[in-house]
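One structure is given here, and the rest of the page talks about it.
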Amino acid sequence: MQSRILPISALLALFLSGTALAQQNNNPAEPAPVACGGDFNAFLQGVKTEAVGKGVPADVVDRALAGASLDEKVLSRDRAQGVFRQTFLEFSKRTVSQSRLDIGRKKLQELSDVFQRAEHEFGVPAPVIAAFWAMETDFGAVQGDFNTRNALVTLAHDCRRPELFRPQLIAAIEMVQHGDLDPAATTGAWAGEIGQVQMLPKDIIAFGIDGDGDGHVNVKQSAPDAILTAAKFIQHLGFTKGQPWIQEVSLPENLPWEKTGLQPGMTAGDWFALGVTPRDGDTRFANLASSLVLPQGRKGPAFITYPNFDVYLEWNQSFIYTTSAAYFATRLAGTPPYEKGQPEQGLDDGSMKALQTRLAELGHDVGKIDGILGVGTRTAIQKEQLRLGMPADGWATPALLGAL
């Protein structure tokens, strides 16, 4: 995970920030630990001192922090450990709905000049931006109702992850200085993300674009600002112009299933040579590194992912979210709906936790026993499927649980 908190869909509220935090150490050459907790007024004074030290006028800081308070609802969300257990078929059906596709295509037409500018300047196609726009806030309709300043004050004061949120609070104060954030009125997600594509203050400052020419970067009200800012950020995450991100494929009966999943070592051409067939017939990118991902096993939908798919993983580490967002973008680009196939029955929450527990007992690192079929659990499943002589497609089934 990168320094940015991964965005949380304000509409769905299904994801928690999953940022991997760097461990503090006692090396005297390292920066001192970030101050947190304690007397709230003393904490705010420390924030003011830091912001002024970074060049923000004292009166601006006072205005930014005036009336600041701790929000217990933010802490509740932060500690909720919310999980995401929907399958790809369930989640993608919900998020890539016909109404959203219709709205998205309308937005592509209405704002075609803005999207053309985004692709010209940053190399990011309109469908990619529009799909994130839809997934994050339903095209700006649902952006979150937490006071952004208070959310960041709360998370910076809390000693769980102050090194992550205090810099975002300082950046929010800088946005107040620029006239791009109203400390009393600006709202967003509980973890401090703002606007139609849900970005944190540091990223807005670093990548913000005034798309409508009013002299401000207003990612909440201005669609041009949000679209161009998102495009610049996506470019920063590594998107390569002119290359695909995901492609639906049809599968032969037999493949080296243990090579599927998000792992290196194969090109798209390698998969094509094994009988994997693009549904759109496009094999122009056979030389690119790729992965064959099977969100619900070898009998469900199948996709080849290309290097640009890494951008989606940088945006959000949830495998189901990223695959759905990438698929959404292909639909806006004109591809037909995926073939659902006939996936094998999966596991309910209790059975998934039982499987994860068993995998951990066998020495696999599945992370937290949370009932989520994440990348770590899928990798462990593949290893056990291979050992048991089962097709190693990474899909958790009752048959696998029974065999273990």
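Surrounding CD of Gln345 are at most 12 heavy atoms belonging to other residues, nucleotides or ligands under 6.0 Å away. Heavy atoms of other residues, nucleotides or ligands lying less than 6.0 angstrom from CG of Asp102 number more than 12. Dense packing is recorded around NZ of Lys232, with more than 12 heavy atoms of other residues, nucleotides or ligands lying under 6.0 Å away.
Checked by atom type and distance alone, the side chain of Asn287 never pairs as donor or acceptor with a backbone atom of Gly269 at under 3.5 Å. Side-chain atoms of His216 do not come within 3.5 Å of backbone N or O of Leu181 as any donor-acceptor pair. Side-chain N or O atoms of Gln382 include one that pairs as donor or acceptor with a backbone N or O of Ala392 at under 3.5 Å. With hydrogens and angles disregarded, a donor-acceptor distance shorter than 3.5 Å links the side chain of Gln168 to the backbone of Lys202. Side-chain atoms of Thr330 do not come within 3.5 Å of backbone N or O of Thr335 as any donor-acceptor pair. Checked by atom type and distance alone, the side chain of Thr187 never pairs as donor or acceptor with a backbone atom of Asp145 at under 3.5 Å. Under a 3.5 Å cut-off, the side chain of Trp245 and the backbone N or O of Ala326 do form a donor-acceptor pair. Not one N or O on the side chain of Thr283 forms a donor-acceptor pair closer than 3.5 Å with the backbone of Ala286. Side-chain atoms of Asp225 do not come within 3.5 Å of backbone N or O of Val219 as any donor-acceptor pair. Remark: the backbone N or O of Ser97 is not paired with any side-chain donor or acceptor of Arg331 at under 3.5 angstrom.
Taking NZ from Lys107 and CD1 from Ile129, the interatomic distance works out to 14.5 Å, rounded to the nearest 0.5 Å. Residue Met199 holds its CE atom at 11.0 Å from CD1 of Ile205, rounded to the nearest 0.5 Å. In this structure, OG in Ser76 is found 9.5 Å from CG in Asp71, a value given to the nearest 0.5 Å. For the atom pair Thr322 OG1 and Trp315 CH2, the distance stands at 13.0 Å (nearest 0.5 Å). Going from atom CD of Glu119 over to atom CD of Gln235 covers 12.0 Å, rounded to the nearest 0.5 Å. If you take CD1 on Ile234 and CD on Glu314, they are separated by 12.5 Å, rounding to the nearest 0.5 Å.
Partners of Arg117 by salt bridge (Lys or Arg N to Asp or Glu O under 4.0 Å), not counting sequence neighbours, listed by chain and number: Glu121. Judged as a salt bridge (Lys or Arg N to Asp or Glu O under 4.0 Å), and not counting sequence neighbours, the contacts of Asp62 are Lys48. Every residue meeting the salt bridge (Lys or Arg N to Asp or Glu O under 4.0 Å) condition with Lys353, not counting sequence neighbours, appears here in chain and number order: Asp349. For Lys220, the salt bridge (Lys or Arg N to Asp or Glu O under 4.0 Å) test picks out no residue, with sequence neighbours left out. Every ring pair (Phe, Tyr, Trp, His ring centres under 6.0 Å) that Phe139 has, sequence neighbours left out, goes to Trp133.
For the residue pair Thr267/Asp270, the side-chain donor-acceptor check at 3.5 Å is satisfied. Side chains of Asn41 and Gln45: a donor-acceptor N/O pair is absent below 3.5 angstrom, by distance only. Checking Thr379 against Gln263 by side-chain atom types alone, no donor-acceptor pair falls below 3.5 Å. A donor atom on one side chain and an acceptor atom on the other are found under 3.5 Å apart for Asp370 and Gln356.
You'll find the side chain of Thr186 stays beyond 4.5 Å of the side chain of Arg149, heavy atoms only. Between Pro301 and Tyr327 the shortest side-chain heavy-atom distance does not fall below 4.5 Å. Residues Val128 and Asn308 are not in side-chain contact: their nearest non-hydrogen atoms beyond the backbone lie 4.5 Å or more apart. Annotation: side chain of Val249 is not in contact with side chain of Trp271 (no heavy-atom distance under 4.5 Å). Residues Leu404 and Leu359 have side chains in contact (heavy-atom distance under 4.5 Å, counting atoms from C-beta outward). Here the side chains of Pro256 and Leu274 are in contact, with some heavy-atom distance below 4.5 Å. Between Gln143 and Gln221, the closest side-chain pair of non-hydrogen atoms is not below 4.5 Å. Between Ile204 and Phe233, every side-chain heavy-atom pair lies at or beyond the 4.5 Å cut-off.
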Is there a side-chain contact (heavy atoms from CB on, under 4.5 Å) between Tyr306 and Gln243 once you walk through the steps?
-> CA-CA 8 Å; Tyr306 292 94; Gln243 291 187 7; 5.8 Å; no
Please lay out, stage by stage, how Asp158 and Arg160 fare under the test salt bridge (Lys or Arg N to Asp or Glu O under 4.0 Å).
-> CA-CA 6 Å; Asp158 183 55; Arg160 188 179 183 196; 5.8 Å; no
Give the C-alpha distance, both sets of side-chain angles, the deciding distance and a yes or no for side-chain contact (heavy atoms from CB on, under 4.5 Å) between Val47 and Ile170.
-> CA-CA 7 Å; Val47 170; Ile170 300 299; 3.8 Å; yes
Could you please spell out the steps behind the side-chain contact (heavy atoms from CB on, under 4.5 Å) verdict for Leu251 and Leu294?
-> CA-CA 10 Å; Leu251 306 179; Leu294 311 172; 3.7 Å; yes
Could you check Met266 against Ser291 for side-chain contact (heavy atoms from CB on, under 4.5 Å), going step by step and ending with a plain yes or no?
-> CA-CA 7 Å; Met266 301 280 279; Ser291 296; over 6 Å; no
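The nearest pair of heavy atoms linking Gln385 to Gly394 is OE1-N, 2.9 Å. Of all the heavy atoms in Ala231 and Val124, the pair that sits closest is O-CG2, 3.6 Å. For the residue pair Ala191 and Leu155, the shortest heavy atom distance occurs at CA-CD1, 3.8 Å. Residues Gln177 and Pro57 share a closest heavy-atom pair of NE2-CD, 3.4 Å. In terms of heavy-atom proximity, Leu89 sits nearest to Pro343 at CD1-CG, 3.8 Å. Across Leu355 and Ile381, no two heavy atoms sit closer than the pair CD2-CD1, 3.9 Å.
Residue pairs meeting the salt bridge (charged side-chain N to carboxylate O under 4.0 Å, His left out) criterion with at least one partner in residues 171-180, sequence neighbours excluded, do not occur; the list is empty.
Taking the centre of each ring, Phe132 and Tyr312 come in below the 6.0 Å mark.
The only member of Trp395, Phe303, Phe319 that meets ring-ring contact (aromatic ring centres under 6.0 Å, His included) when paired with Phe88 is Phe303.
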